Enquirer: 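Please read through the structure below; I'll follow up with questions.
Everything quoted here is computed from the prediction, not taken from an experiment. Note that the numbering runs from 1 along the sequence shown for the chain.
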Amino acid sequence: MRNVWIIWQKELRSYFVSPIAYLLLAMFAVIFGFFFWNIVDYFAATGMESLRRGEMFPMNINEQVIRPLLSNVGVIGLFFIPMITMRLFSEEKRSGTIELLVTSPVRDGEIILGKWLAALSLYGVLLLLTALNFVFLFKYGNPDWKPLAIGYLGLLLQAGSLLAIGMFISTLTKNQIIAGAATFGVCLLLWVLEWVSGYETATWAQVLSYLSVVTHIGSFSKG
């Protein structure tokens with residue numbers, strides 16, 4: 001585990017000594033902030049409108065605010081995960097340091113695990129930024145924290161699987177752009193596979209639907 005820890009530190013440091021991490025953090029915060037403001041504003045406007053009309057529609061923060069926001073985070077992640085993984089092995093191959101890495105006294109599994117944990121840690125920081133927005137919901141509202149916690153667990157598990165796919169694709173090429181584009185294509189495909197079950201009931205369609213990340217993240221977002 002000591003070698004994994006060293007590789008994790010090296011990779012995570014490489015993100016933050018360059019503009020990559022800061023650019024991703026800023027973009028992620030701005031995009032999610034817009035979604036948060038838009039959904040909360042719509043929720044408040046709908047509540048005020050129902051009061052003016054004398055209608056008492058049940059308002060549920062978890063269902064009408066938190067659940068859509070968590071789904072949006074999953075979609076945003078499709079664009080950011082390729083940016084995180086595209087350099088993991090592609091840059092090593094391009095710069096020629098891959099030979100030093102694979103001939104060093106560490107096992108392949110330790111290299112892979114260390115790099116994957118670094119990528120997952122960076123994505124975890126992105127999720128932490130979104131959690132700051134939810135502080136306002138708990139300050140001015142009374143949402144149930146348990147579905148929110150389970151939803152974040154689902155997002156982290158989804159990111160872990162997609163980051164592993166992106167890291168594997170990064171081992172196949174020296175070009176970061178190709179690695180990023182291919183990762184985005186695979187992630188997007190895994191996201192839309194669920195659409196097949198909407199019009200097809202055959203076994204193959206159910207299998208494809210099960211492989212879709214939407215099928216599983218949807219359950220997590222419900223708590």
Enquirer: Walk me through it: do I39 and N72 pass the test side-chain contact (heavy atoms from CB on, under 4.5 Å)?
Expert: CA-CA 11 Å; I39 291 178; N72 287 334; 3.5 Å; yes
Enquirer: Using every non-hydrogen atom in the two residues, find where G77 and P82 come nearest and quote the distance to one decimal.
Expert: O-CD, 4.3 Å
Enquirer: Could you tell me whether the side chain of N38 reaches within less than 4.5 Å of the side chain of Y42, counting heavy atoms only?
Expert: no
Enquirer: Please report the shortest heavy-atom distance between I84 and A119, naming the atom on each side.
Expert: CG2-CB, 3.7 Å
Enquirer: Indicate yes or no for a side-chain donor-acceptor contact from T173 to the backbone of I169 under 3.5 Å, with no hydrogens or angles considered.
Expert: no
Enquirer: Indicate yes or no: at least one non-hydrogen side-chain atom of Y152 is less than 4.5 angstrom from one of F134.
Expert: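 In short, these two side chains touch, coming nearer than 4.5 Å.
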Enquirer: Side chains of P147 and I150: does their closest heavy-atom pair fall under 4.5 Å?
Expert: no
Enquirer: Less than 4.5 Å apart, side chain to side chain, heavy atoms only: is that true for I165 and T183?
Expert: no
Enquirer: For F138, does its backbone N or O pair with a side-chain atom of W145 as donor and acceptor, under 3.5 Å?
Expert: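 No, W145 side chain to F138 backbone: no donor-acceptor pair under 3.5 Å.
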Enquirer: Same cluster or not: are F79 and L188 linked, directly or through other Ile, Leu, Val, Met, Phe, Trp or Tyr residues, by side-chain heavy atoms under 4.5 angstrom apart?
Expert: yes
Enquirer: I would like to know whether L24 and M83 meet side-chain contact (heavy atoms from CB on, under 4.5 Å); could you show each step before the answer?
Expert: CA-CA 8 Å; L24 292 179; M83 300 181 193; 3.4 Å; yes
Enquirer: Rounded to the nearest 0.5 Å, how far does CG of L113 lie from CE of M167?
Expert: 8.0 Å
Enquirer: When you compare the side chains of T85 and S170, does any donor N or O come within less than 3.5 Å of an acceptor on the partner?
Expert: no
Enquirer: Between atom CD1 of I7 and atom CG of N3, what is the distance when rounded to the nearest 0.5 Å?
Expert: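 Reported to 0.5 Å precision, the distance equals 6.0 Å.
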Enquirer: I'd like to check L156 versus L120 (side-chain heavy atoms, cut-off strictly below 4.5 Å). Are they in contact?
Expert: yes
Enquirer: Roughly how far apart are F80 CZ and L163 CG, rounded to 0.5 Å?
Expert: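 The CZ atom of F80 sits 13.0 Å away from the CG atom of L163.
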Enquirer: Are M86 and L122 co-members of a hydrophobic cluster defined by side-chain heavy atoms under 4.5 Å apart?
Expert: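 L122 and M86: separate clusters.
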Enquirer: State the CD1-CG distance between I66 and L137, to the nearest 0.5 angstrom.
Expert: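 Answer rounded to 0.5 Å: 5.5 Å.
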Enquirer: Test F28 against V73 for side-chain contact (heavy atoms from CB on, under 4.5 Å), laying out the working first.
Expert: CA-CA 9 Å; F28 202 90; V73 173; 4.1 Å; yes
Enquirer: My understanding is that only residues two or more places apart in sequence, or in another chain, count here; which of them pass salt bridge (charged side-chain N to carboxylate O under 4.0 Å, His left out) with E11?
Expert: R87, K115
Enquirer: May I have the step-by-step check of side-chain contact (heavy atoms from CB on, under 4.5 Å) for V106 and I6, ending in yes or no?
Expert: CA-CA 11 Å; V106 293; I6 293 174; over 6 Å; no
Enquirer: Restricting to side-chain contact (heavy atoms from CB on, under 4.5 Å), what partner residues turn up for L132, sequence neighbours left out?
Expert: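 For L132 the side-chain contact (heavy atoms from CB on, under 4.5 Å) partners, ignoring immediate neighbours, are L129.
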Enquirer: Kindly write out the residues that satisfy ring-ring contact (aromatic ring centres under 6.0 Å, His included) with Y15, not counting sequence neighbours, or none if the list is empty.
Expert: none
Enquirer: Taking L23 as the starting point, is it possible to reach L78 by hopping between hydrophobic residues whose side chains are less than 4.5 Å apart?
Expert: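 Cluster IDs for L78 and L23 match.
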Enquirer: Under the salt bridge (charged side-chain N to carboxylate O under 4.0 Å, His left out) test, which residues partner K10, sequence neighbours left out?
Expert: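 For K10 the salt bridge (charged side-chain N to carboxylate O under 4.0 Å, His left out) partners, ignoring immediate neighbours, are E92.
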Enquirer: With sequence neighbours excluded, what pairs up with F16 under the ring-ring contact (aromatic ring centres under 6.0 Å, His included) test?
Expert: Y22
Enquirer: Look at the side-chain heavy atoms of Ile, Leu, Val, Met, Phe, Trp and Tyr, link any pair under 4.5 Å apart, and say whether I76 and F34 land in one connected group.
Expert: no
Enquirer: Group every Ile, Leu, Val, Met, Phe, Trp and Tyr by side-chain heavy-atom contacts under 4.5 Å, then state whether I178 and L162 land in the same group.
Expert: no
Enquirer: What distance do S14 atom OG and Q9 atom CD have between them, rounded to the nearest 0.5 Å?
Expert: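 Between atom OG of S14 and atom CD of Q9 there are 12.0 Å.
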Enquirer: What is the minimum heavy-atom distance between W116 and G160, and which atoms define it?
Expert: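 The pair with the smallest heavy-atom distance is NE1-O, 3.0 Å.
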Enquirer: Between the side chain of D41 and the main-chain N/O of W37, is any donor-acceptor distance below 3.5 Å?
Expert: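 It does not hold such a pair.
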Enquirer: Supply the members, apart from V30, of the Ile/Leu/Val/Met/Phe/Trp/Tyr cluster built from side-chain contacts under 4.5 Å; use none for a lone residue.
Expert: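 Under the 4.5 Å side-chain rule, V30 groups with nothing.
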Enquirer: Calculate, to the nearest 0.5 Å, the distance between atoms CG and CZ belonging to L127 and F32 respectively.
Expert: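 Reported value, rounded in 0.5 Å steps: 9.5 Å.
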